[in-house]
J.: 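A single structure is presented below for examination.
Keep in mind it's a predicted model, so treat the numbers as computed, not measured.
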Amino acid sequence: MSSFWLILLVVVWLLLIGWLRWREQQRGRSVGLWKDVLAGGVLALLVCGFFWRTLSGAAFQPADGGDLVSFLFPTYRFAAAELSQGRLPLWNPTLYGGAPFIGDIQAGFLYPPNLLLFLINPAFPYTALQWMSAAHLYWAGLGMYVLLRTLRWPMHSVSRPAAFFAAVAFAFADPLLIHFGNLNLIAVLSWAPWVLAAFARGVMHAHWGWTGVAAALFAVGSYAGHAQSTLYIGLALAVLTVGWLVTDFQERRRFDRMLVRPLGMLLATAFLAALLLAPILLPALELTRYAVRSDFTYQDTVAFSLAPTQMLAGLVTPSLFGRGPGLHWSLWERVELPYLGVPTFILAFCGLALALPEQRRRIWMWVALALFGLLLALGIYTVVHGWLTLLLPMFDQFRAPARAVVLWAIGVSVIAAVGFDAVAVRMAHTTIRTTFLRSGAALLGAATLLSFALLFVTQADPAAFLRASLAALALTIAFAAWLGSWALLAARQRRALSFGAFSTLIAALLFIELAAAGAYTDISETDPTQGFQHAEIIAFLRSDPDLFRIDTRTDLQGLWQPDTAALAGLQDVGGVDNPLALRSFVDFWESLGGRGERRYDLLNVKYVLVREGTPLPEGKFTKVFGPVRGIEVYENRSFAPRAWVAPADVDLNNVLPPSEPTPAQVMTYTPTQMRLRVKTDEPGWLIVSEFWYPGWSAEVNGAPTSIAPVNGAFRGVAVPAGESEVILTYRPASFTWGLALAGAGVAGLAALLWSARFRRPPVFP
């Protein structure tokens, strides 16, 4: 975005604030909407300021691109290219020899913001995804602001400055910020506070219409495509529902039908959201039976658990063990930490210690949510995670338990907002708070002095000195933030600061600390898309009119991005590591026995890309291009065509192509349909080098016929003697049923909202 458009947006924002304020003055009724617009705009400016180097194009984040460049960029560009040609991207022939695209929930092409980008600019640049990541962090913070203005404690919401403070804390919280390169993950999580806000409003007002809104928001966010994050939003709803049930029972002291309404709303939200998500849920569930992820063991599942040492340090600093892959030196590189800034941590403690009795009855459910997320994030270090793998279907398919710390971030942000008003509005004070502040300052001060002492004793060891330096810097920032927060609290307690001044200064301190800890972490001025930029090689491969695959599974790290084929419109047997790759493909690849074997030729690999100087079996492979930027291209002289005819009595479990196979003519080819012409003197089998998967159907001369698995991987279609036309089409029933269920979900949502509009909502102060 150019400076002109940014300035224009700021001007429009200021004009909108002025108009809203003037309108309220004219009506003589203060609603304060202009203040909400002001808060939303300031939050947007803070996000732009935080990522100013990335958004200006001066740097790239994350430094190596992470999943954003290696997986999401080529995946999204493939989807955009298909949509631009008027086709739904249901099957992806460009990677792993072909795989179901609609079944890979990470594809995200039905997520409205993604879909809008794909349709407007199918050839969008990589930098557009960095803007999308930053925008979703803003959306997460704005959602937290809305959630806190929605909740009641018990009759009134927290102040706008308190909600804004929590919004800043959540927008740049470590569980979100560390995943800047995982756009689909943060996109789903950014909707979490919005879903909770709608659901909470429905529970508080006993209004079923808001249940429908919560389900719709839940579904829209989940279309971004990260099932684990969707599960965490569902778990947050479940924990809070239990909290509302217990709280209502404590207040009513009796059990009645009204008491279980939150449970009914939870079930309605889950049911409606599942219906609306059916177009991606059903294909994803189908894929789990055929993907390698289904082979995960519990040891795979608990990889990247939050270690207790990292958890304790992460309460006040994310950098004690280094931050970013280049400097990290403790367990589980790049694991999420429970860090939301020192002022947030202090105000959350104040929320617990200084909340009014009527607030405590409602705040404990947010404490439960935070602690539940923390226990779940510890993964292998606690037994809670193991229990859930037994109780929740599919839970054992998700790695990285540390990601659950986002539930901690949500709970702590809410509690901190309550604490904000306790110290800034009511100016409550207890000796417990003073003891906490003094103890924390003493502990951090001692740790800081110790870290500086370590600098003198580790100078002879460069690695140890670097680690001591990182720890000293991290502790110094945390100690300074602690003292600064203490000073602001003391000044407000003595009325030396007005409410407005305190609110501004504490939010500024929080932002400065968060920016110091994370704004310049894991960034680089080197374009991470360079691995895609092989114009000469791609032009050479495209010049071949044959239908063929390439093979890049040859140790090209650092030279060639594994998913380049998806971006360039080529077809590869490789791709970036993906646990959703078909098990049939993986098993076949592992059984090859080497590129010199005839079995390898079944893959229709005509060209192999290798690092310069890499040997290949002589006599079979001939160098035909390069080296270019360290890459050479070899041609496989004995590759089998994409489709060829085998005898009728062939063993379909052990098929090898003859030395000169009879090829079938490929008349048309799209990702979801092949039309072939076959001519044979005797009945036989048409062997198609495309991977077998449910949803593919075949017609021979207009008559439906079955598709048989070949070698447990490919497709075989029986053809009669003479000339035949064979059509292979991918129309997955899971997607068709998903669309039907989504239609039912839309109808159910509309009916729920229509019926709710006739109900007079209760008056709420």
Side-chain angles (χ1 to χ4, degrees), residues 143-144 146-158 162-163 166 170 189 191-208 210-211 213-215 217-218 231-270 273 338 348-349 351-377 384 387-388 391-392 404-419 421-422 764:
M144 181 56 65
V146 171
L147 171 62
L148 284 162
R149 293 294 295 162
T150 300
L151 295 173
R152 297 294 188 263
W153 305 92
M155 302 301 290
H156 300 284
S157 64
V158 298
F170 188 66
L189 291 178
W191 289 84
W194 294 93
V195 175
L196 297 180
F199 187 77
R201 188 171 182 84
V203 171
M204 292 185 303
H205 291 271
H207 199 292
W208 287 86
W210 283 104
T211 301
V213 174
L217 294 173
F218 196 178
L231 175 63
Y232 288 154
I233 297 177
L235 289 175
L237 287 172
V239 171
L240 294 177
T241 298
V242 173
W244 271 304
L245 288 172
V246 175
T247 301
D248 289 347
F249 181 77
Q250 288 178 334
E251 292 179 349
R252 292 171 179 267
R253 295 297 180 181
R254 60 188 176 87
F255 184 87
D256 56 28
R257 187 178 60 183
M258 305 298 289
L259 189 62
V260 297
R261 180 184 286 130
L263 181 59
M265 289 183 166
L266 174 66
L267 296 176
T269 300
F349 179 84
L352 295 175
L354 304 175
L356 296 171
E358 59 268 23
Q359 292 177 323
R360 287 198 179 97
R361 286 197 296 270
R362 298 177 180 273
I363 205 173
W364 78 265
M365 68 181 72
W366 299 97
V367 176
L369 178 64
L371 293 179
F372 174 72
L374 205 57
L375 287 173
L376 198 58
V384 175
W387 291 343
L388 289 181
L391 297 174
L392 296 181
V405 80
V406 70
L407 302 180
W408 161 272
I410 294 173
V412 170
S413 297
V414 171
I415 300 167
V418 176
D421 277 354
F764 202 91

J.: Measure the CG-CD distance between Leu151 and Gln359 for me, rounded to the nearest 0.5 Å.
T.: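 Nearest 0.5 Å value for the CG-CD distance: 11.5 Å.
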J.: Let me confirm one number: the CG-CH2 distance from Leu375 to Trp408, rounded to the nearest 0.5 Å.
T.: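 Rounded to the nearest 0.5 Å, the CG-CH2 separation comes to 10.0 Å.
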J.: Roughly how far, to the nearest 0.5 Å, is the CG atom of Leu371 from the CG atom of Leu407?
T.: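 It comes to 11.0 Å.
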J.: Quick one: closest heavy-atom pair of Ala166 and Met144, and the distance?
T.: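 Heavy atoms of Ala166 and Met144 come nearest at O-CG, 3.8 Å.
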J.: So which atom in Ala198 and which in Val213 form the shortest heavy-atom distance, rounded to 0.1 Å?
T.: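 The answer is CB-CG1, 3.9 Å.
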J.: Please give me the minimum heavy-atom distance between Phe218 and Gly234, naming the atom from each residue.
T.: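 Shortest heavy-atom separation between Phe218 and Gly234 comes out as CZ-N, 3.8 Å.
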J.: Can you give me the closest heavy-atom contact between Leu354 and Ala422, atom names plus distance?
T.: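 What the structure gives for the nearest pair is CB-CB, 3.8 Å.
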J.: CH2/Trp364 to CG/Leu352 distance, rounded to the nearest 0.5 angstrom?
T.: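 Answer rounded to 0.5 Å: 13.5 Å.
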J.: Verify side chain to side chain contact (heavy atoms under 4.5 Å, CB included) between Ile415 and Ile363, making sure each step is shown before the conclusion.
T.: CA-CA 7 Å; Ile415 300 167; Ile363 205 173; 3.9 Å; yes
J.: Looking only at non-hydrogen atoms, find the nearest pair between Leu196 and Leu147 and report the distance.
T.: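 Minimum heavy-atom contact is C-CD1, 3.8 Å.
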J.: Can you sort out the partners of Phe349 under side chain to side chain contact (heavy atoms under 4.5 Å, CB included), two or more places apart, ordered by chain and number?
T.: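 For Phe349 the side chain to side chain contact (heavy atoms under 4.5 Å, CB included) partners, ignoring immediate neighbours, are Ala353, Ile432, Phe436.
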J.: Within the 4.5 Å heavy-atom criterion, are Trp153 and Leu356 side-chain neighbours or not?
T.: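 No, side chains not in contact.
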J.: Mind checking whether Leu235 and Leu392 have side chains closer than 4.5 Å, heavy atoms only?
T.: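 Touching, per the 4.5 Å side-chain cut-off.
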J.: Is the closest side-chain heavy-atom distance between Trp366 and Leu240 below 4.5 Å?
T.: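 Yes, their side chains come closer than 4.5 Å.
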J.: Do side-chain atoms of Arg361 reach the backbone of Thr247 as a donor and acceptor pair under 3.5 angstrom?
T.: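 Side chain of Arg361 to backbone of Thr247: no pair is present.
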J.: Report the distance from atom CD1 of Ile410 to atom OH of Tyr232, rounding to the nearest 0.5 Å.
T.: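 So the gap between those two atoms works out to 12.0 Å.
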J.: From Leu237 CG over to Leu267 CG, what is the distance, rounded to the nearest 0.5 angstrom?
T.: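 Here the rounded value is 11.5 Å.
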J.: For Trp191, which residues count as a side-chain hydrogen bond (donor to acceptor under 3.5 Å, both in side chains) partner, sequence neighbours excluded?
T.: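 Partners of Trp191 under the side-chain hydrogen bond (donor to acceptor under 3.5 Å, both in side chains) test: Tyr111.
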J.: Would you say Val203 and Trp210 make side-chain contact, with heavy atoms under 4.5 Å?
T.: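 With C-beta onward as the side chain, the pair stays apart.
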J.: Using every non-hydrogen atom in the two residues, find where Pro154 and Glu358 come nearest and quote the distance to one decimal.
T.: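 Shortest heavy-atom separation between Pro154 and Glu358 comes out as CD-CG, 3.4 Å.
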J.: Could you give me the CA-CA distance, side-chain angles and deciding distance for Phe199 and Thr241, then say whether side chain to side chain contact (heavy atoms under 4.5 Å, CB included) is met?
T.: CA-CA 9 Å; Phe199 187 77; Thr241 298; 3.5 Å; yes
J.: Does Met204 reach the side chain of Thr150, with side-chain heavy atoms less than 4.5 Å apart?
T.: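 Yes, side chains in contact.
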